[in-house]
Amino acid sequence: MTTLTLRRRALPRVARTDPGLGPVGWTAIGVIALLALIAVLAPWLAPHDPNNISLLDANLGSSGDHLLGTDASGRDLLSRLLVGARSSLIGPLLVVVLATALGLTVAIVSAWLGGWVDAVVSRILDILFAFPGVLLAVLVVAVFRAGLGAAVAALVIAYIPYIARTVRSAALREKSQPYITALTIQGVGAPAICVRHILANLMPLIVAQSTLTFGYAMVDLAAVSFLGLGVQPPTADWGVMVSTGQPSILNGYPQESLYASALIVLAVGAFNILGDRFTERSQRSTR
Amino acid sequence: MTELLTVEDLRVALPVQGQMRTVIHQASFAIGPGEALGLIGESGSGKSMTARAVGRLLPAGAQVSGQIMFDGEPVLELAGAALRRYRTTDVAMIFQDPRAHINPVRTIGDFLTEGLRSTLGMRRRDADRKAVSLLAEVGVEDGERRLRQYPHQLSGGLLQRVMIASALVANPRLLLADEPTTALDVTTQSEVMGILDRLRRDHGVAMLFITHDLELATAVCDRISVLYAGTVVESQDAESLHAAPRHPYTAALLASRPSLTVRARRLPVIGGRPLAAFEAPEGCAFTERCRWASPVCEEGRPAPETHDHGQVNCHRTTELGILGSEAVVTEPVIAEPDKSSVQSRGQQP
C-alpha cells in the first residue's frame, strides 16, 4: 500500500482587492501635476515675452534662442505654450468646479425631495441636454462678450445636466439604503443626512465624474476658443493657438497648431485615464 | 393604566406597481410605560410595517388610516420639528441588520452621537462621553477606541450592540426592535438579546419587539400580539398566550414548534400558505386554514372579544374557549425525493 503524502502547497496570496491606480494612472497624475506646475510657474519659466511681436523672426524653426521656434508674428512658441497652460487649465477647472457644485446640489436636493420637485428638475435637465455646449457658448457670447468667462459660463450650464443625472441616480440609490432610515429615526435632519451621509458616500463617484469632465471641458473650451468665442487673441491659449496657427499650416509651418494640439491631447488623455481609474475604483467600492 | 402607545385600527396601504396594496389591515394594540409587547407573525404579515408606521418611516406614497397615539400625541399628525423631536427623544429603533443600517463611511462615534449633536445640540465631548458609557453598558469595554472605528472593523454581534447603544443614547421612552437578533448567529443572539432585555428594564424603556420566535417573545415580553395577514388576531399576557391560546392561528403556531422535550419525527405544519393582507377574504383571514372554520367565519371580520388575559378576534371564541394542539389542520407533507424524476432530469440536455 502506498502512502500518499499530500504536500501542502503554500496558499496563493490573496489578491489585493484594491490594485491602486497602477503605473498608467500614476503617470497620468505625473503629467497633470507637471502641467499644473508649468501653469503656475509659466511667467518665470518662459524665456521670452509671449506677446512680443517681431515680424522679422516670423515662422522660425527650432534654434538655441527659440527652442520651439516662433509663430507667424515672430512670437516665441515655447513661451506662448507655457503661459497658455494657465488659461487652458484654469478654464476647465472653473467649469468642473462650478458645474459639479451646482450639479450635485441640484441632484441631491431633487433626489431627496422626490415627487414633483424631482419630476420638474429632471425635465429641465432633459431640456438642457438638448443643447450642445458649443451652441450654448454662441448664445452666451451673443448676450455677453466673448471671453473666457462667457465660455466657462456656457459650459457650466451645458455640463450641469451630465453631472446632475449621474449624481441623482446614485443619490436615489443611496437614499434607499437602510442606514438612511436608521438616521431618520434618530431624528437627524434632512440637510445633515444629505451633506454628511449621502454626499460623503457619493464622493468617489463625484471625484471620478469631475476628473472625466475636466477632459471634456478642456476639449470643449479649446473648441470654443478655436471658434473665437472664448479666450481672445493675443492672449496665449492652446485652443487659440490651434486656431491662429491655421494659416501657417498652409504656408508649411505647422509647428504652432501642432504643439498646441499635442499639449491638449496630452492633458486630456491624462485626465481621461485618471478619470477612468477613479471610476473603476468607485465602482469596486460600491460593490 | 394610561398607555404610552396606543395603535387603533391601523390600516396601511402601499403603492405596488401603481396599485394600492393593503399591508396592514387592522392592527390594534397598546403598550404601557416600561412594558414590552411582542409582535408575532409570519413573514409578510405586516410586523415590520407596523413598527415603521409607529416610527413614521413608511415609504412615500403610503396611505395610513387609524390612529397612533404616543403619550396623548397623535403620531400620524406630527410634522417638522415636532416629528424630529418625537423621533429623537421619544422613539428609537433597532434594526435587523446592523451592517446595513449604519453608514459605512462614518465612524461608530459619528453614528452614536449624531442625533444627540444635531438635534439636541449636545457638545461633542459630552456626547462622546455618553456614548462611551452606553457602550460600556452594552458590554463594549474599550469604547474610546470603538468610537473611532468604522463599521467594517466590527463584528456583527458587536455592531448590533452598538446599534442597541445608539437606540438608548437619547433616552427614548419607546424602543422599536425589528427582529434585532435574526441576522446574528445563535450564541451571539442570546447574548445580544440578554443585553437588550437588561438595558431596557434598567432604563425603563417600553418596547415593541418584533419577531417570529414565539419562545423568545415569551421570554422577554410582558404581552404578545399575534399578527396574521395584517390583522392583530390575538393579544394576551405572554405567559397565558403560551399556555392558553384562544385564536386557532395562535394555537396552531404553538403546536407546530419544535420542542426540547418531546420527540417528533416530523413537525406538524399549518396547511395552506400564509395570506398577505391584500389577498385576505371578507371574513376572518384565517378561515381557509382553520380547523374550526364554519360558515359564520366568512361573515365579516371578527371583532375583538375581551377576556381576562387579553383579547381575541375570532367569531367562535365563546364556544371554543382555550385551544390545544389539535389546532393544526394538516399533517405535514414532506415529499420523499422522487428518484425517477431526478434521473429523468439528469438525462435532459
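As the structure is a prediction and not an experimental result, all values here were calculated from the model. Throughout, protein chains are lettered first and strands after them, A, B, ... in sequence-line order, and every chain is numbered starting at 1.
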Could you list the donor-acceptor pairs under 3.5 angstrom formed between side-chain atoms of residues 203-212 of chain B and any protein atom two or more places apart in sequence or on another chain?
residue: B/H203; atom: NE2; partner: B/E137; partner atom: OE1; Å: 3.0
residue: B/T211; atom: OG1; partner: B/D213; partner atom: N; Å: 2.9

field: Close contacts, residues 94-110 of chain B versus chain A, judged by heavy atoms under 4.5 Å
entry: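 Residues in range: B/F95, B/A100, B/H101, B/I102, B/N103, B/P104, B/V105, B/R106.
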query: Is there a donor-acceptor pair under 3.5 Å between the side chain of A/N201 and the backbone N or O of A/H197?
result: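 Indeed, once roles are kept as given, a pair shorter than 3.5 Å links the two residues.
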- request: Examine distances only and state if a side-chain atom of B/R161 and a backbone atom of B/G156 form a donor-acceptor pair shorter than 3.5 Å.
  value: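 No.
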With B/A165 via side-chain contact (heavy atoms from CB on, under 4.5 Å) - residues at least two apart: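 Expected list: B/L112, B/L134, B/L135, B/V138.
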field: Residues in side-chain contact (heavy atoms from CB on, under 4.5 Å) contact with A/V188, at least two apart in sequence or another chain
entry: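 Residues passing side-chain contact (heavy atoms from CB on, under 4.5 Å) with A/V188: A/L183, A/Q186, A/A192, A/I193, B/E114, B/S118.
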A/R123, A/K175, A/R168 screened by salt bridge (charged side-chain N to carboxylate O under 4.0 Å, His left out) with A/D118, the one that passes: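 Single pass found, and it is A/R168.
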message: Is the distance from the ring center of A/F129 to that of A/Y162 below 6.0 Å?
response: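 They qualify: ring centres under 6.0 Å apart.
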message: Quick check on B/Y86 against chain A: is it the side chain, the backbone, both or neither that has a heavy atom closer than 4.5 Å?
response: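 Neither part.
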Contact class of B/R85 relative to chain A, heavy atoms under 4.5 angstrom: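 B/R85 has no heavy atom closer than 4.5 Å to chain A.
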- prompt: Among A/A200, A/G189, A/S176, A/A190, which has the most heavy-atom pairs under 4.5 Å with chain B?
  reply: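 That would be A/G189.
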